[in-house]
Asks: 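Have a look at this one.
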Amino acid sequence: MSTPKRAPTWFSARRLFERKLSELHHCTDLNQVNQIHAIIYKSNLHRDSLITAKLISAFSLCRRIDSAIKVFNQIEKPDLHLYNVFVRAQILDSQSSQAFATFFEMQINGVLPDTFTYSFLLKACSDQSWFKVVTLINTHLIKYGLFDDVLILNSLVNSYLNCGLMGFCLAEKLFSIMVDRDAVTYNCMLSGLVKVGKLDEALKLFDEMPERDTVSWNIVLDGYVRSGDLNLAIELFEKMPSRDSVSWCTLISGYSKSGDLKTARILFEKMPAKNLVAWTTIIAAYAAKGIVKEAIALYDQMQVASMKPDEGTIIGILAACAASGVLGLGERIHYSLNKSGYRCSTRVLNTLIDMYAKCGSLNGALTIFNGMEKKDITSWSTMIHASAIHGHGEMALHLFSKMKQEGFAPDRVTFIGILSACNHTGLVDEGIHLFYTMEKDYGVVPEIVHYGCMIDLLGRGGRLKEAFRLVQNMPFEPNNKIWGALIGACRKHYAVALAEEELKHLLQLDFTDSGSLSMLSSIYAISGDWNNFANARLRMRNIGCGKPSGASSVEVDNEFHEFTAMDQSHPKCDMVYEMIDGLTQHIKMRAAGHGAEAHFNLPVPVDDFMQRSTDQLYRNN
DNA sequence: CTAGGGTTAG
């Protein structure tokens with residue numbers, strides 16, 4: 001006789017609940033969290049600070065910051081632990097300013113922050129714009145006597161390393177005075193050195209370190225990959241004492257980015273336990289190369305292998321679609337997301353906007369944008385840039401004022417977008433106005449990229465003297481992009497004399513931008529100065545110009561077509577050139593004041609063609 | 001707290 005099945009008793013249900021409660025802060029299943037939430041309220045446990053803290057963590061893990069906020073707001077007097085959990089939840093949801101608000105609020109309420117609070121806040125300090133905040137936290141730590149804890153000092157070193165050159169110097173200083181360094185301290189510094197490209201110093205530190213774990217080896221592996229020396233990378237990979245998924249993925253990603261898909265694929269097949277990152281890397285690699293069929297096949301295979309795509313997977317593949325202009329795959333993924341009922345995060349939606357825009361569908365981008373209930377600064381900046389690349393300057397300006405109405409403060413990236421919108425549409429005066437108000441009214445200090453936009457804007461608008469004056473007065477040394485914009489402007493407006501005069505000293509500079517050199521040589525060609533022309537051409541040859549040759553690409557019905565200059569290899573080559581000639585004629589007629597109604601014999605209707613084509617410049621190899 | 005895929009950028 002078999003043992004009778006026992007009905008679940010009150011006792012076992014209670015035990016189950018207690019077990020779930022103790023693991024609550026690791027739970028990623030929203031339904032379960034909601035259930036437990038309900039039981040907590042019924043059992044009057046919501047006054048227990050530890051349980052509430054776990055609940056906030058759980059909601060944060062399920063990406064439901066709204067629920068976490070509700071729970072937090074119902075607590076009358078949060079303690080340090082609750083404040084910390086809430087700060088971390090806000091940081092994880094990239095609500096940094098709200099997290100700092102919580103940080104101030106707790107101090108007003110007489111709760112003093114501890115090292116945990118500071119370590120969460122430091123996690124938000126991810127780039128140069130946070131440098132001042134990091135120094136501030138540094139002084140706080142000293143003031144409150146928290147400056148001797150390895151954990152927090154490691155966080156501090158790491159944050160400094162994220163903050164540009166100034167940060168790097170302070171990180172080195174801090175590292176040198178730290179007495180209690182542990183493995184993490186060394187690894188932070190090691191990765192900092194690799195990220196600023198100081199591979200030699202990184203290797204030296206690697207040798208000097210008291211102990212090396214897998215993380216250390218992986219950082220050095222990444223260093224070789226970044227330096228482009230994949231042979232050294234694979235050599236290191238082979239002699240590493242231990243390899244984990246990160247080692248494999250670093251290498252696969254390295255080969256993918258270098259364009260060697262074949263080796264990337266071989267490594268992927270050899271990788272023992274393929275994880276989500278490996279799948280994402282290889283799929284995005286095929287998508288970026290425009291090999292759509294294989295990307296789709298792998299995407300399906302991944303699901304057969306019961307790997308569930310996460311946010312990173314979706315963003316990675318969509319970004320690759322955007323970079324290569326493969327609308328078909330992007331649309332397919334968007335469709336499958338909708339069908340599966342996946343709740344797209346703001347970040348995924350932002351990536352979708354960018355993907356549609358860069359693949360030629362401004363309408364697709366707008367549809368996503370308008371349907372978003374929670375837009376962030378990136379959504380607005382992306383949409384502004386989307387209008388810019390489609391030549392809709394007015395739309396970009398409209399979006400710009402609307403985002404301000406909705407309470408968003410434009411940042412450095414927004415300004416790059418809006419200035420380039422003015423540039424693409426010839427809105428010179430609007431651009432100048434925005435540039436001069438960006439610091440005064442918005443507190444955004446112009447960087448060299450913003451100057452680059454302005455110089456391009458002025459130059460294209462024919463205001464060459466102003467462009468040159470701006471270059472002279474800007475607080476930066478001109479880089480290749482600045483020179484490129486100037487030379488391009490001179491060429492466009494046949495300002496040979498100006499180019500000569502202003503660019504004379506340029507020839508002595510260490511000038512390595514192939515595009516600018518080629519434009520410079522064409523200026524000399526126009527002016528008939530064949531000596532300097534030859535000179536410029538010689539310099540181009542010396543720096544190995546033409547290596548990263550530009551290519552246009554377009555995807556039609558899941559097939560990828562690529563074209564380079566003077567390319568005759570395409571099977572429908574004649575039709576392509578016929579189209580180009582027709583379009584050129586079309587543009588010239590439009591420029592001469594003829595309306596769109598002017599009739600041409602084109603093999604495909606113009607709108608259809610414009611809708612589907614992308615003109616993405618990218619580098620071979 | 002450190003390493004891998006990953007939104008906006010003349």
Asks: Between A:Glu477 and A:Ile448, what is the shortest heavy-atom contact and its length?
Replies: O-CD1, 3.3 Å
Asks: What integer distance in Å separates A:Trp380:CH2 from B:dT8:C1'?
Replies: 14 Å
Asks: Residues of residues 447-454 of chain A with any non-hydrogen atom less than 4.0 angstrom from an atom of DNA chain B: list those, numerically ordered, please.
Replies: A:Gly452, A:Cys453
Asks: Which residues pass the side chain to side chain donor-acceptor pair (under 3.5 Å) test with A:Glu439, sequence neighbours left out?
Replies: none
Asks: Does OP1 or OP2 of B:dT7 have a side-chain N or O of A:Lys375 closer than 4.0 Å?
Replies: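 For B:dT7, OP1/OP2 do not have a side-chain N/O of A:Lys375 under 4.0 Å.
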Asks: Quick one: pull up NZ in A:Lys274 and CH2 in A:Trp248 and give me the separation to the nearest 0.5 Å.
Replies: 8.5 Å
Asks: Write down the distance between NE2 (A:His334) and C1' (B:dT7), rounded to a whole number of angstrom.
Replies: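 Roughly 15 Å, once rounded to whole Å.
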Asks: Quick one: do A:Glu406 and A:Lys375 make a salt bridge, cutoff under 4.0 Å?
Replies: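 Salt bridge absent between A:Glu406 and A:Lys375.
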Asks: Rounded to whole angstrom units, what separation is found between the CD1 atom of A:Ile384 and the C1' atom of B:dT7?
Replies: 15 Å
Asks: Strictly below 4.0 Å, N to O, side chains only: are A:Arg265 and A:Glu269 in salt-bridge contact?
Replies: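 A:Glu269 and A:Arg265: salt-bridged.
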Asks: For residues 312-320 of chain A, which side-chain donor-acceptor pairs fall under 3.5 Å, sequence neighbours excluded?
Replies:
residue, atom, partner, partner atom, Å
A:Thr313, OG1, A:Thr280, OG1, 3.3
A:Thr313, OG1, A:Asp310, N, 3.2
A:Thr313, OG1, A:Asp310, OD1, 2.8

Asks: Measure from CG on A:Asn423 to P on B:dA9 and round the result to the nearest Å.
Replies: 15 Å
Asks: In whole angstrom, what separates A:Asp411's CG from B:dA9's P?
Replies: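 It works out to 12 Å between those atoms.
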Asks: Salt bridge (Lys or Arg N to Asp or Glu O under 4.0 Å) with A:Asp114: which residues, sequence neighbours excluded?
Replies: none
Asks: Can you sort out the partners of A:Glu201 under side chain to side chain donor-acceptor pair (under 3.5 Å), two or more places apart, ordered by chain and number?
Replies: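 Not a single residue meets the side chain to side chain donor-acceptor pair (under 3.5 Å) criterion with A:Glu201.
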Asks: Each nucleotide in nucleotides 1-6 of chain B should get exactly one letter: B, S or -. Can you fill that in based on protein heavy atoms under 4.0 Å?
Replies: BBBBBB
Asks: B:dT8 C1' sits how many Å from A:Met372 CE, rounded?
Replies: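 Computing the A:Met372:CE to B:dT8:C1' distance gives 12 Å.
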